[in-house]
Amino acid sequence: MAEPYKKGERVIGDSRSALADELKDRYAAGASIRTLAAETGRSYGFVHRILSETETPLRSRGGATRGAAAAAS
C-alpha cells in the first residue's frame, strides 16, 4: 500500500484515482474498510466514500446479529 497521506492533505486528481483503484482492489480481496483506513492514514468515512464513488459493492457488517441469527450460532 502507498505511503500514508498526511492528516488533512487533500487527495485529488490522478492520486485520488490511483488511491481509489488500489482501495477498490484491496477491499474486493477481503480487506476491511477499517484496515484500509488505518493503512492509508485516512478516516473510515473517507475510505467508505471513495469505495462508494467507485461503485464498489460494499459487504454487510459481520458478526452475530440479534434474534434468530444470534440464537442459531
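- Residues forming a side chain to side chain donor-acceptor pair (under 3.5 Å) with Ser32 (at least two apart in sequence, or on another chain): Thr35.
- Taking Ser43 as the reference, nothing meets the side chain to side chain donor-acceptor pair (under 3.5 Å) condition, with sequence neighbours excluded.
- Taking the side chain to side chain contact (heavy atoms under 4.5 Å, CB included) definition, one finds that Ala31 meets it with Arg26, Leu36, sequence neighbours left out.
- For Tyr27 against Pro57, the heavy-atom pair with the smallest separation is CE2-O, 3.6 Å.
- Counting heavy-atom neighbours within 6.0 Å of Arg34 CZ, excluding the residue itself, gives a total of 12 or less.
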Identify every side-chain donor-acceptor pair in residues 46-54 under 3.5 Å, counting partners at least two apart or on other chains, and give the distances.
from  : atom 1 : to    : atom 2 : distance (Å)
Ser52 : OG     : His48 : O      : 3.0
Glu53 : OE1    : Arg16 : NH2    : 3.2
Glu53 : OE2    : Arg16 : NH2    : 3.2
Thr54 : OG1    : Ile50 : O      : 3.3
Thr54 : OG1    : Leu51 : O      : 3.0
Thr54 : OG1    : Thr56 : OG1    : 2.8

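- Here Arg42 contributes atom CZ and Ile33 contributes atom CD1; the two are 15.5 Å apart, rounded to the nearest 0.5 Å.
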